[in-house]
Q: 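Supplied in C-alpha cells, the structure appears directly below.
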Amino acid sequence: MPTSLDPARPGTVAVTASRPRRALIALGLTAALTGGVLVAQTQQAPHASAATATPSTTYSVSRHSVAKKPGATKARYTVTASKNGSRIAGSATLIMNGKRQYSARLVHGKFTFTPGLWRYRVGTNTVRVVVHPARAALADKSTKTVRVTATKPLTARQKLVKVAKAQVGDRYAYGASGPSSFDCSGLTSYVYKKAVGKSLPRSSSAQKAAGKVVSRKNARPGDIIWTPGHVSIYVGNGQQVEAARPGVGVVKRHIWQDSPRFIRI
C-alpha cells in the first residue's frame, strides 16, 4: 500500500494535471459562448437605436372654424415630413377627436387633408396627423394637435327667438318698429324681417290674419301670440318676448294673457 512518500503510479500526474486543463477549457467555452451572446446583443443595439429616430414635420391648418352647412368652406390640414433636410416617402393618417379618419400616401413628403364637414362634431374638435415613414429605420411621428370649432347653422325658428331676445331692454314707443324702440306689432314685424326676411302687416289684427291659428299644445318658438290689440313672439317654455307698454319696454316673461291665440306665419 503506497504512502505519501511512495512515488506516484504512472499516469497519475497526467490525469490530475489534465483536470484543471479541462476545467479551463470548459470555462473558456462558456466565456466564448457568453461573449458571443453579448456580441450579438451589441450588434442589435444600433438597429434599435435607429428605429427610434423620427422625421421632422411641419403642420398647418387653413382655418380654425367651420360651419356644418352645404357649400361651407372646408378646413385644410397640410403635413410635410423630412429627414436631414430631405423629404421622405411614406403615408399619413388624419386623427380627429382621437379616432382615425383616413390615410393617404405622402407625395414628395407632403399631403393635404380636406375632411368632409360631416366628420366634425358641433363644438371643439381636436385634429392631428400621424406620419408613417416608409424607411424601417424611422419611427412614426405625430404632429401637434390643433383645435377647430364646428358650428351648426340656426334654424329659422332659432333665428326668430335669437333676434327677439336681442331686443329685450329696448324702450316702448307707440308706432315705432325699431331698431331701438318698438310698439307690440312693430317688434314682431322687426323680428320677422331681420331674422328670416319676411315682411308682416303692421297692425296686430292684420298679423293675425297673415298666418294660421295653432293650438297652444302645438305652438313652436317663433310663433306670434295674439290677443285683441296685442301681439308678441313666443320663445318657448311658456315664455314670450313683447313690447309691453311705456315705462316697461321690451321684456321677456311668462305668458300672462288669457286665452291667447298662437299664429303660425
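Here the structure is a predicted model, which is why all the values come from computation and not from measurement.
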Q: Can you check whether Val131 reaches Val79 side chain to side chain, under 4.5 Å on heavy atoms?
A: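 A side-chain contact exists here, since the closest heavy-atom pair is under 4.5 Å.
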Q: So which heavy atom on Ala75 is nearest to which on Val61, and how close?
A: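 Closest approach of Ala75 to Val61, heavy atoms only: CB-CG2, 4.4 Å.
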Q: Tell me, which pairs form a salt bridge (charged side-chain N to carboxylate O under 4.0 Å, His left out) where one or both residues lie in residues 141-161, sequence neighbours left out?
A: Arg157-Asp223
Q: Any ion pair linking Glu242 and Arg253 (charged N to carboxylate O, less than 4.0 Å)?
A: yes
Q: In terms of ring plane angle, is the pair Phe262 and Tyr234 parallel, tilted or perpendicular, where the classes change at 30° and 60°?
A: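 Perpendicular: the ring planes of Phe262 and Tyr234 meet at over 60°.
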Q: Do Ser232 and Ile224 have side chains that get closer than 4.5 Å, going by heavy atoms?
A: no
Q: Do any N or O atoms from the side chain of Arg87 and from the backbone of His108 form a donor-acceptor pair under 3.5 angstrom?
A: yes
Q: Side-chain contact, heavy-atom cut-off 4.5 Å: Leu94 with Val127?
A: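 Sidechains of Val127 and Leu94: in contact.
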Q: Could you give the distance from CD1 (Ile233) to CD (Gln167), rounded to the nearest 0.5 Å?
A: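 Ile233 CD1 to Gln167 CD: 10.5 Å, rounded to 0.5 Å.
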Q: List the atom of Ala150, the atom of Tyr120, and the distance in Å for their closest heavy-atom pair.
A: CB-CB, 3.8 Å
Q: Heavy-atom distance under 4.5 Å between the side chains of Val241 and Val168, does that happen here?
A: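 Val241 vs Val168: side chains touch.
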Q: Are Tyr59 and Val129 close enough that some pair of their side-chain heavy atoms sits under 4.5 Å apart?
A: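 Yes, side chains in contact.
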Q: Minimum heavy-atom separation for Leu154 to Gln158, with atom names?
A: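 The answer is CA-OE1, 3.3 Å.
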Q: Say you draw a straight line from CZ of Arg202 to OG of Ser185; how long is it, rounded to the nearest 0.5 Å?
A: 4.0 Å
Q: Verify the neighbour count for atom NZ of Lys162: are there more than 12 heavy atoms of other residues, nucleotides or ligands below 6.0 Å?
A: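 At most 12 heavy atoms, drawn from other residues, nucleotides or ligands, come within 6.0 Å of this atom.
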Q: Under 6.0 Å between ring centres, would you say that holds for Phe182 and Tyr190?
A: yes
